[in-house]
Number of protein chains: 2
Amino acid sequence: MATATRDRILETADLLFYQQGFEATSFADIASAVGISRGNFYHHFKTKDDILDGVINRRLANTEQMLDRWEIEGDDPADRIRSFIHILIFNGEKIRKFGCPVGTLSSELAKLNHAAQPNAASLFTLFRNWLRRQFERLGFADKSDELAMHILGRSQGVATLANAFNDDAFLRREVDLMCAWLDDQIGLLRH
Amino acid sequence: MATATRDRILETADLLFYQQGFEATSFADIASAVGISRGNFYHHFKTKDDILDGVINRRLANTEQMLDRWEIEGDDPADRIRSFIHILIFNGEKIRKFGCPVGTLSSELAKLNHAAQPNAASLFTLFRNWLRRQFERLGFADKSDELAMHILGRSQGVATLANAFNDDAFLRREVDLMCAWLDDQIGLLRH
DNA sequence: GACAAAATAGGACAATTGACCTATTTCTTT
DNA sequence: AAAGAAATAGGTCAATTGTCCTATTTTGTC
């Protein structure tokens, strides 16, 4: 089963890239973690950039799937935005250890001047557009994209500092502040 | 002049670590950028971690100096906080290219599980304590540290997204929002 | 000016990296 | 069952890495 091995490689590479960073993760790391030889590995991915592309596409697919699920489950756009905000708590432990998977990858690739950086940033775009849609449904019209970017930025900052200080209390406090901010915005809209 | 060479090494390493990342910068990179041989290089710094320590200490000293200057120049704590917020615009170009020097280093070291990560985080602490002091002077008392962390987090998020999207308009918009937030907080305090 | 110490240069080292190659095994299709 | 394709294993390669070593030059001190 070629697909199975390929998927296992991508799953493992995804995890290692997140935990150790892209550059710090070697072929040998991934191959040994998957339990296959480097030769077999190279049969599925010719270059390291191929794996990176595969990992990013995998993340894009998974993220899209998650956002679609959120779109179905409830029908209050505000609740959906709150779901987004609460990922910070849901993934709190990982975030304190390794930061935000999207932000840290984008930052690393930007520094490496890597061709795939815009690809990684498109993960942000997925969240951005989804958030914008929720704000539009709430009636924020033209302001929706700015609000989406605002909340995306706040999340990034929380993740970075929670990681730097390994501070869970800060993370939870800021999640509450972001929810309060959301309520405020909705309140202001009604006048 | 041993000190002169040492300083030139640290200055160059500081820049390269910021632009390329710590791991992606090699001895050879730094030596050739400074214009000295690797042998001479090794005479000043025995290991790569030694350079990292030196760079972080250099940044700590420079940051402390900058904050002290801000403490002297004006006497309105709110203006000082605004000075901090406006670094985002002042260093906008670099931030869009390479992110925040403090946040990206801390993130990278966290992923590398590097012993110097807390050291890098202490750069954040410098800003945190300075901001806390300004809020205390404004009369926020016990809330000062939380407000300091809040504004620190917002800045980090802005830097991360401005870098990911190379978006100058977003950066300026968020700086305005942070200043408005500050005015709000001060307004709320007066009641 | 002699001499010890510091600074500099350049080479050598083992280890690791991404990349590539060629066998062998396994699977699929007929 | 046979044949071709896909998958796997394991070895090789040049390049780079951090580290270390030994000469040579420069500097500072008496």
Side-chain angles (χ1 to χ4, degrees), chain A residues 1-58 105 108-109 111-117 119-120, chain B residues 1-58 105 108-109 111-117 119-120:
Chain A
M1 294 290 127
T3 315
T5 305
R6 215 189 111 95
D7 283 352
R8 270 169 56 218
I9 291 175
L10 283 181
E11 187 184 347
T12 305
D14 191 346
L15 188 69
L16 290 179
F17 286 175
Y18 176 41
Q19 295 181 341
Q20 314 181 350
F22 168 67
E23 258 228 319
T25 303
S26 69
F27 276 101
D29 284 341
I30 305 172
S32 100
V34 177
I36 60 174
S37 66
R38 281 162 301 145
N40 186 10
F41 190 107
Y42 192 74
H43 177 258
H44 292 279
F45 297 95
K46 284 170 229 317
T47 70
K48 205 182 176 186
D49 291 353
D50 277 349
I51 315 173
L52 180 58
D53 282 343
V55 166
I56 292 177
N57 287 335
R58 189 188 130 93
L105 181 62
E108 183 181 0
L109 297 183
K111 273 196 205 292
L112 296 177
N113 221 346
H114 198 288
Q117 193 276 333
N119 260 29
Chain B
M1 294 289 129
T3 315
T5 306
R6 215 189 110 95
D7 283 352
R8 269 168 58 218
I9 292 175
L10 283 180
E11 187 184 348
T12 305
D14 191 347
L15 188 69
L16 290 179
F17 286 175
Y18 176 41
Q19 295 180 340
Q20 314 182 347
F22 169 67
E23 257 229 319
T25 303
S26 69
F27 275 99
D29 284 342
I30 305 172
S32 101
V34 177
I36 60 173
S37 67
R38 281 162 299 145
N40 187 10
F41 191 106
Y42 191 74
H43 177 259
H44 292 280
F45 298 95
K46 285 169 228 318
T47 69
K48 205 182 176 185
D49 293 351
D50 277 348
I51 314 172
L52 180 58
D53 283 342
V55 166
I56 292 177
N57 287 335
R58 188 188 130 92
L105 181 63
E108 183 182 1
L109 297 183
K111 273 197 206 293
L112 295 176
N113 222 344
H114 197 288
Q117 192 276 334
N119 259 29

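Note on naming: letters A, B, ... go to the chains in the order of the sequence lines (proteins, then strands), and numbering restarts at 1 for each one. Side chains are part of it too, since the values below use all heavy atoms of this structure and drop only hydrogens, waters and symmetry mates.
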Taking only nitrogen or oxygen atoms into account, show me every contact under 3.5 Å that the protein makes with nucleotides 19-22 of chain C, one pair per line with its distance.
residue, atom, partner, partner atom, Å
C/dA19, OP2, A/Lys48, N, 2.9
C/dC20, OP2, A/Tyr42, OH, 2.4

Taken to the nearest whole Å, CZ/B/Phe45 to C1'/D/dG18 is 15 Å
Closer than 4.0 Å, any side-chain N/O of A/Ser26 to the OP1 or OP2 of C/dT17?
-> yes
Nearest-Å distance, NE2 (B/His44) to C1' (D/dG18)?
-> 18 Å
Which pair of heavy atoms, one from A/Ala116 and one from A/Ile56, lies closest together, and at what distance?
-> O-CD1, 4.0 Å
With A/Ile30 as partner, the option from A/Thr25, A/Leu15, A/Leu10 fulfilling side chain to side chain contact (heavy atoms under 4.5 Å, CB included) is A/Thr25
Where at least one partner belongs to residues 19-38 of chain B, residue pairs that pass salt bridge (Lys or Arg N to Asp or Glu O under 4.0 Å), sequence neighbours excluded | none
So CG of B/Leu16 and CD of B/Glu11: to nearest 0.5 Å the spacing works out to 10.5 Å
Looking at CG of A/Asn113 and CD of B/Gln20, how far apart are the two atoms once the value is rounded to the nearest 0.5 Å?
-> 9.5 Å
Rounded to the nearest angstrom, tell me the gap between atom CG in A/Asn40 and atom C1' in C/dT24.
-> 13 Å
If only atom types and distance count, is the side chain of A/Lys111 paired as donor or acceptor with the main-chain N or O of B/Phe22 below 3.5 Å?
-> no
Given side-chain contact (heavy atoms from CB on, under 4.5 Å), test B/Leu52 with B/Asn119 step by step and report yes or no.
-> CA-CA 10 Å; B/Leu52 180 58; B/Asn119 259 29; over 6 Å; no
Quick one: NZ on A/Lys46 to CD1 on A/Ile51, what's the gap to the nearest 0.5 Å?
-> 12.0 Å
OP1 or OP2 of D/dC20 under 4.0 Å from side-chain N/O of B/His43 = no
The correct set of residues in residues 30-37 of chain B placing a heavy atom under 4.0 Å from DNA chain C is B/Ile36, B/Ser37
Considering only side-chain heavy atoms of A/Ala28, which listed nucleotide, C/dT17, D/dT17, D/dT8, is closest?
-> C/dT17
